[in-house]
Amino acid sequence: MSKITASKISNMKQGSEKIPVITAYDYPMAKLADEAGIPIILVGDSLGMTVLGYESTIKVTMDDMVHHTRAVARGAKQSLIVADMPFMSYGVKASQTLQNAARLFQEGGAQSVKLEGGENIINDVENIVKAGMPVMGHIGLTPQSVHRFGGYRVQGRSRKEIDQLIKDALMLEEAGAYAIVMELIPAPLAKHITELLSIPTIGIGAGPHCDGQVQVVHDILGFFDGFIPKHTKQYLRLNDLIIESIKCYMDEVKAGLFPTMLESFDMDEQILSDSNNR
Ligand code: KIV
């Protein structure tokens with residue numbers, strides 16, 4: 001099968017085909033997601049938390065994004081690869097923004113970039129699209145602005161916020177974005193925006209009426225215990241399985257049960273005793 005393109009994703013909305021999206025940050029996870037047949041892999045800057053151990057996405061750099069996108073690109077043969085532009089890599093000088101987007105394509109192997117924001121970054125979206133690089137928008141709770149929002153809270157509850165979100169979505173479509181992520185907004189508002197747009201909406205914590213859904217792979221596989229976001233569903237508890245498996249391995253090493261000769265290499269012992277006798 002050939003590579004899924006941004007225009008194929010737009011067509012999925014016309015065919016009322018739902019669009020599942022998952023994050024991946026490295027070769028093995030990208031390979032598995034690709035084998036499962038996921039249409040889009042997002043190399044999200046959520047990697048700051050999920051694989052680098054930061055508290056937010058703010059510290060993620062362009063070099064981090066290029067490095068992880070490159071690993072994902074080696075594993076994903078069919079899925080469309082979308083790479084996040086990290087904090088302050090856009091919304092700065094136009095030429096710098098273009099150069100940063102281009103790095104994710106040229107060095108990382110992405111086929112699309114994602115930027116957080118609407119009206120405030122509309123020139124960047126237009127310029128990147130004009131330069132031939134497909135753009136996915138991202139509105140609602142945009143994690144790079146967590147300090148402005150004062151936390152990871154549902155957006156679009158007041159009249160002012162609702163009007164701005166609708167305006168942002170329409171402007172992104174007009175600027176040439178081929179899809180828009182909507183994060184943490186009430187389901188009826190997400191439904192309304194989805195109906196207004198001809199490009200697909202991809203929800204995360206935005207209810208069931210979006211054209212697609214995106215989830216952080218570590219969340220749906222249950223990589224971490226502790227806080228589980230309301231918008232996610234654990235399909236597996238990998239956390240328990242991994243800890244249990246590592247404990248079994250430790251116990252067997254300590255008890256001398258691993259390795260056995262099954263996991264070892266034999267030899268002709270005569271050669272050994274000959275060399276010992278020298
Ligand atoms: O970085 C990310 O994983 C994202 C998704 C949460 C949409 O932007």
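In each ligand, atom 1 is the first atom listed, and ligand 1 is the first ligand listed. Worth knowing before you read on, the calculation uses all heavy atoms, side chains too, and leaves out hydrogens, waters and symmetry mates. Computed from a prediction, not measured in an experiment: that's the story for all the values here.
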- Below 4.0 angstrom from a heavy atom of Gly44, which ligand 1 atoms are there? Numbered from 1 as shown, please. 1 (O), 2 (C), 3 (O)
- Task: Please indicate whether any nitrogen or oxygen in Glu116 is less than 3.5 Å from any nitrogen or oxygen in ligand 1.
- Result: no
- Message: I'd like to know if Lys247 pairs up with Asp251 as an ion pair, taking the criterion as any Lys NZ or Arg NE/NH1/NH2 lying under 4.0 Å from an Asp or Glu carboxylate oxygen.
- Response: no
- Query: Does CD belonging to Gln234 count more than 12 external heavy atoms closer than 6.0 Å?
  - Reply: yes
- Message: Would you say Arg103 and Gln106 are linked by a side-chain donor-acceptor pair, where the criterion is simply a distance under 3.5 Å?
- Response: no
- Applying a 4.0 Å heavy-atom criterion (strictly less than), which segment of Thr57 is in contact with ligand 1: side chain, backbone, both, or neither? neither
- Message: Less than 4.0 Å is my threshold; does some heavy atom of Lys114 fall inside it relative to ligand 1?
- Response: yes
- Identity and distance of the protein heavy atom lying nearest atom 5 (C) of ligand 1: Leu42 CD2, 3.7 Å
- Message: For atom 6 (C) of ligand 1, what's the nearest protein heavy-atom neighbour? Residue, atom name and distance, please.
- Response: Ile204 CD1, 3.8 Å
- Note: ligand 1 atoms sitting under 4.0 Å from heavy atoms of Asp45 are 1 (O)
- Query: Would you say Glu119 and Lys167 make side-chain contact, with heavy atoms under 4.5 Å?
  - Reply: yes
- Item | Proximity of Leu47 to ligand 1 by residue part, where a heavy atom lies under 4.0 Å | neither
What pairs of donor and acceptor atoms, side-chain ones from residues 40-52 against any protein atom, are under 3.5 angstrom apart with sequence neighbours left out?
| residue | atom | partner | partner atom | Å |
| --- | --- | --- | --- | --- |
| Asp45 | OD2 | Gln144 | NE2 | 2.6 |
| Ser46 | OG | Tyr25 | OH | 2.7 |
| Thr50 | OG1 | Ser46 | O | 3.1 |

- Query: How far is atom 3 (O) of ligand 1 from its nearest protein heavy atom, and which residue and atom name does that atom have?
  - Reply: Ser46 OG, 2.5 Å
- Query: Around atom NZ of Lys59, are there more than 12 heavy atoms of other residues, nucleotides or ligands at under 6.0 Å?
  - Reply: no
- Could you say whether the N/O atoms of Thr23 and ligand 1 ever approach to under 3.5 Å? no
- May I ask you to check if ligand 1 and Asp84 share an N or O to N or O distance below 3.5 Å? yes
- Query: So with a 6.0 Å cut-off around OH of Tyr235, is the heavy-atom count from everything else above 12?
  - Reply: no
- Message: Please check if the number of heavy atoms outside Gln14 that lie under 6.0 Å from its CD is greater than 12.
- Response: yes
- Item | Close approach, Gln215 and ligand 1, non-hydrogen under 4.0 angstrom | no
